[in-house]
Amino acid sequence: MAAAIVLAVAYVVYRTRLGAMVRAADALFFLPATAARARFLFLASLLPVAAFMVFLGWKLAPQIQPDPDSSDQGAYAYMARQMKDSWWPDVTDGARNPLFPWLAAKFVPPGFQTHEEIRGYLVPGKRFNSLLAAVVMLGIGWYLAGRLAPVPAWNASVISGLGCLLPIAAYFGAEPLFYGLFFGFWMAGIALLQRNPLRLYAGFALLAALAYLAKPSTTPFVALLAVMSLVRCGLNLWPGTPPMLVGEDWKPWRLGAGILIFGLIFGIVTLPKNLYSAQRFEDPFYNAPKVWFWIHDWTEAYPKYQLVRKSDLAALPPEERPGPANFLRKHGWEGAWAKISDGTLTRLEQLFLPEKSLGRKVERPGKPKRVVLPWRGLYLAGSVALLLAMLGFALAKRRMARLGGWVLPTLMALAAFAGYILAYGWFAWIGPGPRYVMSLYLPMLVLALIAADRLRQASESAWADRVWVAAHLVPVVFIFPRAIQLLADHNFDRMQFAF
């Protein structure tokens, strides 16, 4: 940390004294790779990182959680065997959706029956997952290359890969794939409040449908976007709306067409799974967590684990059926407050400072490793702090009007983050692991950095530029030594803060 601070301070002094002489070098920090050739060159710079992720994932696969009876791994493996000959993902057990096991069935031949055969199947399945994680990281890099300068984009891509994607890829589960799709449809959805070409609605619908096939937690964002789109429509039609409330290229008529496009694409892509779910669970959109959501904790939820069909739930006495009214009747508003406040604090800690929960060092010299990128939450917290600093520069210069129609996309992002944090917090007593809230890591990191860069540009402040560059020198000081350390010693006995 001391070395990073010294490097950052040295840069600020250097920039202050030499000014224009270093502008050529500042292209690495200020100019996005908008040309196709430049973006491909940037992507090439990430290929060694992708190779490193696959290499490390290959080594981690047999070391982390080899037991198929834990961490949902056996359930996913069984679903993969069921979908060996399926032409499209369709089989769900009610708690897990089919996209990942369907892919794993195609690329990792199942052919297993016994417990030991399933255990052996997990290793190549996890290695396939590390490849998915590397592909998602490259996709994030491609997206960022046209929006951030090379160094900030590279840092964000690498932090995404090593801090978020690779740790969870050490398990046989849907998270790396879901995190990538979740990130993609968040970016597309927020962009739809700024400009709404029909092709963007189509892209959003496809990403949302695939994310839903990976995990069902996509629907709150879609519902929120629908509400915000109606607000955007009203603001654009209202005469005299201030520019900061109007989209740059947003046409109300496209919203109606976009809704039809979304319904058509989402319905077609998810139809096989929904038909299977309707047949087995009497509800095309059934998912067990939707039922567990209104149960106090896992002890209370477990006896109802197998009550998955509508007829099963209907057979329960009315006072035993999961729902908000029964929850409040049993536990009251005091119980509801305890559940959401404790759970929300847990989720924020998992996101920004997971090491706090241990109360001791995560790793010790001479002992096996337990994290890929230490203090991953501080990189996220740093990006948020950088955003606030750039906001301060823009406000001080009174340049917010230069950002165009920024209000509604910002409100959408804030409302989505708050809504998901609260929902995941409420669910924490049922599903306590960090894998839920870590779905927010990628969109929060990327949106904070993109917004910070836009504010920096709007402020036209030399000091904002200096702070921006100094902040992006810090991750380099920690990431490279950690990568070298992992290449030399990749012996893990567990993966902390992932599942």
Side-chain angles (χ1 to χ4, degrees), residues 70-72 75 79 91-98 174 178 182 211-227 270 273-351 415-440 499:
S70 66
S71 309
D72 290 354
M79 289 169 64
V91 174
T92 172
D93 63 359
R96 286 156 284 267
N97 276 11
F178 174 68
F182 192 72
Y212 172 78
L213 286 179
K215 280 182 173 287
S217 352
T218 60
T219 46
F221 185 91
V222 174
L224 181 59
L225 179 63
V227 172
T270 62
K273 177 265 170 192
N274 291 339
L275 290 175
Y276 179 92
S277 187
Q279 181 180 7
R280 182 175 175 185
F281 305 115
E282 302 169 350
D283 180 356
F285 299 103
Y286 176 83
N287 73 90
K290 184 171 64 176
V291 177
W292 303 338
F293 193 80
W294 296 111
I295 298 177
H296 188 254
D297 54 29
W298 182 244
T299 303
E300 188 180 323
Y302 186 75
K304 297 181 173 65
Y305 189 87
Q306 299 298 328
L307 299 176
V308 293
R309 300 170 70 91
K310 277 188 174 180
S311 54
D312 296 330
L313 292 170
L316 291 172
E319 65 274 10
E320 293 297 324
R321 293 172 194 164
N326 274 339
F327 181 93
L328 291 174
R329 183 182 59 80
K330 288 182 181 179
H331 306 286
W333 288 104
E334 185 178 347
W337 171 250
K339 182 177 171 69
I340 197 167
S341 59
D342 179 78
T344 300
L345 289 175
T346 297
R347 295 310 192 196
L348 290 172
E349 183 179 293
Q350 289 172 343
L351 195 59
F417 283 127
Y420 272 94
I421 287 286
L422 290 171
Y424 289 147
W426 178 268
F427 196 69
W429 288 4
I430 301 289
R435 61 188 170 127
Y436 299 99
V437 76
M438 281 301 290
S439 64
L440 300 177
F499 193 85

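A quick note: this is a predicted structure, and the numbers were derived from the prediction, not measured.
In terms of the side-chain contact (heavy atoms from CB on, under 4.5 Å) criterion, residue partners of Pro318 (sequence neighbours excluded) are, by chain and number, Arg321. With sequence neighbours left out, the side-chain contact (heavy atoms from CB on, under 4.5 Å) criterion links Leu328 to Trp333, Ala336. For Asp283, the salt bridge (charged side-chain N to carboxylate O under 4.0 Å, His left out) test picks out Lys290, with sequence neighbours left out. Applying the side chain to side chain donor-acceptor pair (under 3.5 Å) test to Thr270 and every residue at least two apart in sequence or in another chain returns Asn274. Listed by chain and number, the residues in a side-chain contact (heavy atoms from CB on, under 4.5 Å) with Phe417 are Trp186, Ala413, Leu440, Pro443, Met444, Leu447 (sequence neighbours excluded). For Tyr276, there are no ring pair (Phe, Tyr, Trp, His ring centres under 6.0 Å) partners at least two apart in sequence or on another chain. Residues satisfying the side-chain contact (heavy atoms from CB on, under 4.5 Å) criterion with Leu348, sequence neighbours excluded, are Thr344, Phe352, Ile421.
No more than 12 heavy atoms of other residues, nucleotides or ligands sit less than 6.0 Å from atom CD of Glu334.
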Walk me through it: do Phe221 and Tyr420 pass the test side-chain contact (heavy atoms from CB on, under 4.5 Å)?
-> CA-CA 9 Å; Phe221 185 91; Tyr420 272 94; 3.5 Å; yes

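Here CD1 of Ile295 is found 9.0 Å from NZ of Lys339. Values are rounded to the nearest 0.5 Å. Rounding to the nearest 0.5 Å gives a distance of 10.5 Å between CD1 of Ile340 and CG of Leu345. One distance of note links CZ of Phe178 with OG of Ser217; it measures 4.0 Å at 0.5 Å rounding. A distance of 8.5 Å separates OG1 of Thr218 from CG of Asn97, quoted to the nearest 0.5 Å.
A donor-acceptor pair under 3.5 Å is absent between the side-chain atoms of Arg96 and the main chain of Ala214, judged by distance alone. Formation of a donor-acceptor pair under 3.5 Å by the Arg280 side chain with backbone atoms of Thr92 is found in this model. Under a 3.5 Å cut-off, the side chain of Gln350 and the backbone N or O of Pro432 do form a donor-acceptor pair.
Nearest heavy atom pair, residue Leu224 against residue Ala416, reads CD2-N, 3.5 Å. The two residues Pro289 and Gly94 come nearest to each other via the heavy atoms CD-O, 4.1 Å. Nearest heavy atoms, Gly431 versus Arg347: O-NH2, 2.6 Å. Contact between Gly343 and Ala428 at its shortest, heavy atoms only, is CA-CB, 3.8 Å. For the residue pair Ala95 and Trp292, the shortest heavy atom distance occurs at CB-CH2, 4.2 Å.
Counting heavy atoms from C-beta outward, Lys273 and Tyr212 have side chains that approach closer than 4.5 Å. With contacts defined as side-chain heavy-atom distances shorter than 4.5 Å, the pair Tyr286/Val291 qualifies.
Each side-chain hydrogen bond (donor to acceptor under 3.5 Å, both in side chains) pair with one or both residues in residues 421-436, not counting sequence neighbours, appears once here: Asp72-Arg435, Glu175-Arg435, Asp342-Trp429, Tyr424-Ser439.
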